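From a predicted model like this one, the values you see are computed outputs, not experimental measurements. A note on names: the letters A, B, ... follow the listed sequences, proteins ahead of strands, and every chain is numbered from 1.
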Protein chains: 2
Amino acid sequence: MSDLLERLRGRGWRLTSQRRVVAEVLDGDHVHLTADEVHARATQRLPEISRATVYNTLGELVSLGEVIEVSTDGRAKRYDPNAHQPHQHLVCSGCGTIRDVRPLGDPLADLPADQRFGFTVSEVEVTYRGLCPSCA
Amino acid sequence: MSDLLERLRGRGWRLTSQRRVVAEVLDGDHVHLTADEVHARATQRLPEISRATVYNTLGELVSLGEVIEVSTDGRAKRYDPNAHQPHQHLVCSGCGTIRDVRPLGDPLADLPADQRFGFTVSEVEVTYRGLCPSCA
DNA sequence: ATCCTACGATGGACAGAGTCTAAGTCAAGA
DNA sequence: TCTTGACTTAGACTCTGTCCATCGTAGGAT
Ligand SMILES: [Mn+2]
Ligand SMILES: [Mn+2]
Ligand SMILES: [Zn+2]
Ligand SMILES: [Zn+2]
């Protein structure tokens with residue numbers, strides 16, 4: 001996480017307390033918080049941080065490739081700090097919990113040429129759904 | 001499409017001009033309209049149809065399994081009348097066009113047991129992304 | 001053919017998620 | 001320490017979707 005801040009400062013990022021707090025909140029595994037959840041947690045450490053700044057900072061982290069935007073339901077987007085290891089998501093239909101998963105093989109290979117309609121396909125996103133142990 | 005209306009009438013649906021128009025707008029292949037797009041097209045045929053009715057009717061069609069809700073971007077949900085043939089989606093990152101595709105094999109099989117975290121996995125949703133011929 | 005009524009349609013208020021702006025603040029280089 | 005442009009802030013605004021009270025009508029009953 002501190003190396004994230006180093007990396008960003010190297011790219012000319014002005015290091016403010018707000019940005020530091022947002023980065024801290026996003027630290028960890030299987031973290032998939034909404035912007036408002038990030039804001040709520042950031043507020044505990046820095047009471048006056050604004051919603052706009054959280055949105056701005058998250059947007060910048062996404063642009064810089066340090067955070068991934070995930071929208072598994074039709075609701076709020078979730079922000080995922082696990083950006084450097086490609087992965088997919090397993091979502092509980094009961095409670096909404098999201099886990100990072102790594103399927104075998106290359107999901108792109110499953111789409112035959114005659115199903116590509118002339119597209120240059122470069123990316124694939126897979127969402128597995130089911131019930132977690134607590135909800136089953 | 002008329003068999004759709006028959007099926008629904010058989011299930012006790014009251015057949016109103018509004019519902020008929022929404023069903024007509026959703027007819028076709030590779031149709032993935034937002035609720036407001038459905039409303040705009042429905043308005044051309046039936047000028048006084050309301051937004052609420054479009055949302056209600058779409059919601060009912062989804063509950064009845066006749067239409068599928070798709071959210072490929074973080075924006076508005078899209079409504080897909082191709083509900084009886086399981087399929088996945090190929091989305092153009094340039095213009096947003098969505099095509100129905102059928103990948104080979106069973107995507108569920110690619111998730112090994114040690115990546116299931118005790119979940120009962122029952123469903124998988126795949127979104128391929130790339131550039132369509134016009135945007136490339 | 002007409003009547004009844006419960007189901008459906010309507011418009012507008014409301015809510016959640018996100019964007020934008022104008023004005024104030026401050027990190028960091030000179 | 002001074003300066004300045006980048007950053008933060010509050011709140012207005014947009015977009016998507018839901019809810020509600022009231023009105024209208026599809027379709028069965030007579
Ligand atoms: Mn993740
Ligand atoms: Mn489709
Ligand atoms: Zn669960
Ligand atoms: Zn395109």
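- The side chain of T53(B) sits closest to dT10(C) out of dT9(D), dT10(C), dA17(C).
- Listed nucleotides: dG18(C), dT16(D), dG27(D). Nearest to the side chain of K77(A): dG18(C).
- Along DNA chain C, the nucleotide nearest to S17(A) and the one nearest to G12(B) differ in position, and the one closer to the 5' end is contacted by G12(B).
- Between Y55(B) and dG17(D), a side-chain N or O to OP1/OP2 separation shorter than 4.0 Å is present.
- Ranked by how close their nearest DNA chain D nucleotide is to the 5' end, A76(B) and I49(A) are led by I49(A).
- Per the geometry, CG belonging to L58(B) stands 10 Å off P belonging to dG17(D), to the nearest Å.
- Distance from the side chain of R75(B) is smallest to dC15(D) among dT8(D), dT10(C), dC15(D).
- The CG-C1' distance, from L8(A) to dA6(D), rounds to 15 Å in whole Å.
- Checking the phosphate oxygens (OP1, OP2) of dC26(C), no side-chain nitrogen or oxygen of Q18(A) falls inside 4.0 Å.
- When each of dG11(C), dG17(D), dT9(D) is scored by its nearest atom to the side-chain atoms of A52(B), the top-ranked nucleotide is dG11(C).
- Regarding H39(A), its NE2 atom lies at a distance of 16 Å from the P atom of dG16(C), rounded to whole Å.
- For the pair L15(B) CG and dG8(C) C1', the interatomic distance rounds to 12 Å; values are reported in whole Å.
- Among the nucleotides dT9(D), dA6(D), dG11(C), the one closest to any side-chain atom of N56(A) is dT9(D).
- Interatomic distance, T34(A) OG1 to Y79(A) OH, rounded to the nearest 0.5 Å: 9.0 Å.
- Considering E60(A), E24(A), E66(A) in turn, E60(A) is the only one that fulfils the salt bridge (Lys or Arg N to Asp or Glu O under 4.0 Å) rule with R19(A).
- With D80(B) as the partner, the side-chain contact (heavy atoms from CB on, under 4.5 Å) test is satisfied by one option alone out of D100(B), V31(B), L33(B): D100(B).
- Within 4.0 Å of T16(B), counting heavy atoms only, lie sugar-phosphate atoms of the nucleic acid but no base atom.
- If you check dC7(C), dT16(D), dT19(C) against the side chain of R51(B), the one that comes closest is dT16(D).
- Taking atom CZ of residue R19(B) and atom P of nucleotide dT10(C), one finds them 11 Å apart after rounding to whole Å.
- Residue-environment remark: CZ (R75(A)) stays at or below the threshold of 12 foreign heavy atoms within 6.0 Å.
- Distance, L46(A) CG to dT8(D) P: 10 Å, rounded to whole Å.
- Atom CZ of R14(A) and atom P of dT8(D) are 9 Å apart (whole Å).
- Protein atom CZ of R78(A) is 10 Å distant from nucleotide atom P of dG18(C), rounded to whole Å.
- Close placement of the H89(B) and H87(B) rings is indicated, their centers lying within 6.0 Å of each other.
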